[in-house]
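Side chains included, hydrogens not; waters and symmetry mates left out as well; all remaining heavy atoms used.
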Amino acid sequence: MSKTLRPTSEQSLLLLRYMIMAREFDAAMLRLYRQGKAFGGVYSQLGNEATSVGSAYALDRKRDVLFPMHRNIGGHFVFGADLDQLMVNHLAREGSQMRGTDGTGHYADEKLRIYGNVSHLGAMIPVAAGFVLAARMRGEDCVAMTYIGDGGAQVGEVHEALNFASVHKLPLVLIIENNRYAYSTPNELEFACAKLSDRAIGYGIHGETIDGTNVETVYEACARAVKRARAGDGPSIIETLTMRMRGHAEHDDYAYVPKEMLAEWTKKDPVETYAKTLVERRVLTAADVENMKKSTLAEMIGAIDRALERPWPAAEEGFRNVFIES
Ligand SMILES: Cc1ncc(C[n+]2csc(CCOP(=O)(O)OP(=O)(O)O)c2C)c(N)n1
Ligand SMILES: [Mg+2]
């Protein structure tokens, strides 16, 4: 089955391109944070590019919906988000979809079919389940994909939403991004089961644990989950194994993470390994990869310059939609 789902050369180039976009956007945000130009938390995407891109790519963005989390910038690109708009959002400048009140993607965009992220861990999953229930009641064919971390997966609402979605066979795909840490808490202090996908048995749904650093593996597993969801077979849990390669956010020096662990996962860098695979398959050359990186970096620099030319949003915007206005 997985063979038939293997991306074509054209699709594989797109997967690589989206991952490079995610990588360069992330690198740009890390620099901007150090320059004092990005505010609030900057949550690095490093190591999560394949999970974010491969999962979102399995959806049909014309009819499905994405409920991303804080390390899913790749999915925004897959769903057609405009780079300039994303940069303005993240730099909280005038024109930001969150009116400058936030810099980590807490926006909903009906046109893009992106809703998220809900900051309170676990709380987004019932919203995603409710979305597809409503869509079903309206007679629409719509699959929702949403995400939770290894830490967030322990929150009660995740269970409630999964149980409800399973009973009603809702077309929901939950990606559990197991990047080994929730802030400084390691897996062994978060849960006692062998695999987080084992929980699927308790809901009577499909569950699997996959290599979250391989974009094709992620795409194939998610495409199968989307197919099942669309066919009326209900939700799936896909646990993607990755490593959070930096701190929780950029204020965190992640001194509690063993250096050997990071070194081990560096060898599985999602962008570099996929670029190498595509060069070996002769889909592109090493020089093409370098050019792709260079042109993406130039795109980022352009977007940053344009965003920084914009003024700050008006201070009153900070109070809008916070209190009920009568
Ligand atoms: C209910 C709730 N508790 C605590 C937080 C603060 N918080 C935000 S992210 C995070 C760690 C999440 O870890 P994990 O779910 O593993 O995701 P990761 O950041 O590793 O991708 C915490 C504690 C929150 N947003 N919501
Ligand atoms: Mg985590």
Side-chain angles (χ1 to χ4, degrees), residues 15 18-19 21-23 25-26 29 40-83 85-90 96-98 102-132 142-153 155 157-158 161 171-179 182 212 215 218-219 221-223 225-226 229 235-240 242 244 248-249 270:
L15 290 172
Y18 290 134
M19 285 204 291
M21 292 281 289
R23 174 69 53 95
F25 188 90
D26 189 54
M29 290 311 298
V42 169
Y43 302 89
S44 178
Q45 317 284 314
L46 203 64
N48 206 45
E49 298 88 348
T51 288
S52 177
V53 168
S55 56
Y57 196 70
L59 293 171
D60 173 357
R61 68 180 165 102
K62 296 277 177 288
R63 53 182 166 164
D64 298 331
V65 277
L66 193 68
F67 285 78
M69 280 290 284
H70 52 301
R71 303 192 201 277
N72 296 130
I73 199 74
H76 292 253
F77 292 124
V78 174
F79 261 54
D82 175 65
L83 175 60
Q85 181 66 62
L86 275 185
M87 199 58 86
V88 167
N89 287 353
H90 280 250
S96 140
Q97 283 166 295
M98 297 85 83
D102 166 79
T104 42
H106 298 87
Y107 73 95
D109 191 320
E110 276 181 286
K111 275 202 215 89
L112 288 181
R113 304 183 69 78
I114 295 178
Y115 297 87
N117 49 327
V118 176
S119 221
H120 310 78
L121 298 175
M124 192 161 66
I125 301 165
V127 180
F131 191 104
V132 281
C142 171
V143 176
M145 185 173 284
T146 188
Y147 303 80
I148 193 78
D150 44 287
V155 169
E157 278 158 296
V158 179
L172 181 75
V173 181
L174 176 66
I175 313 295
I176 302 184
E177 298 174 333
N178 184 352
N179 61 8
V215 72
V218 176
Y219 164 69
C222 292
V226 169
S236 298
I237 294 175
I238 314 274
E239 179 189 19
T240 55
T242 57
R244 197 192 70 201
H248 172 64

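For the 3.5 Å distance criterion, the side chains of Y147 and S55 qualify, holding a donor opposite an acceptor.
Between L121 and M69, some side-chain heavy-atom pair lies under the 4.5 Å cut-off. Side-chain atoms of H90 and F25, non-hydrogen and from C-beta on, do get closer than 4.5 Å to each other. Between I73 and D26, the closest side-chain pair of non-hydrogen atoms is not below 4.5 Å. The shortest side-chain heavy-atom distance between T104 and H70 does not fall under the 4.5 Å cut-off. Within the 4.5 Å cutoff, side-chain heavy atoms of V158 are placed close to those of L174. Counting only heavy atoms from C-beta outward, the side chains of V132 and C142 approach each other to under 4.5 Å. R61 places none of its side-chain heavy atoms less than 4.5 Å from the side chain of V78. Contact check for Y107 versus Q85: no side-chain heavy atoms found under the 4.5 Å cut-off.
Heavy atoms only, all atoms of each residue included: D150 and N179 are closest at OD1-OD1, 2.8 Å. For the pair V218 and T51, the tightest heavy-atom approach, listed with the atom from each and the gap, is CG1-O, 3.7 Å. The shortest non-hydrogen separation linking C222 to M145 is CB-CE, 4.1 Å. The minimum heavy-atom distance linking G74 with V53 is given by the pair CA-CG2, 3.8 Å. Nearest heavy-atom pair, A128 versus L172, reported as atom, atom and distance to 0.1 Å: CB-CD1, 3.8 Å. Across A153 and I176, no two heavy atoms sit closer than the pair CB-CG2, 4.1 Å.
D109 contributes atom CG, which lies 5.0 Å from atom CD of Q97 (distance to the nearest 0.5 angstrom). Rounding to the nearest 0.5 Å gives a distance of 9.0 Å between NE2 of H106 and CE of M124. Remark: I175 CD1 to I148 CD1 distance equals 12.0 Å, nearest 0.5 Å.
For F79, there are no ring pair (Phe, Tyr, Trp, His ring centres under 6.0 Å) partners at least two apart in sequence or on another chain. Partners of F67 under the ring pair (Phe, Tyr, Trp, His ring centres under 6.0 Å) rule, at least two apart in sequence or in another chain, are Y115, F131.
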Subject >> Verdict with reasoning, R113 to D64, per side chain to side chain contact (heavy atoms under 4.5 Å, CB included) >> reply: CA-CA 7 Å; R113 304 183 69 78; D64 298 331; 5.7 Å; no
**OP:** Start with the C-alpha distance between Y18 and F77, add both sets of side-chain angles, then the distance that settles ring-ring contact (aromatic ring centres under 6.0 Å, His included), and finish with yes or no.
**Re:** CA-CA 6 Å; Y18 290 134; F77 292 124; 7.5 Å; no
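Each of R71, R244, E177 was evaluated against N48; a single residue qualifies, E177, per the side-chain hydrogen bond (donor to acceptor under 3.5 Å, both in side chains) test.
Between H248 and Y43, the ring planes are perpendicular. Angles over 60° get that label, and only those under 30° would be called parallel.
No donor-acceptor pair under 3.5 Å is formed between the side chain of N178 and the backbone N or O of E239.
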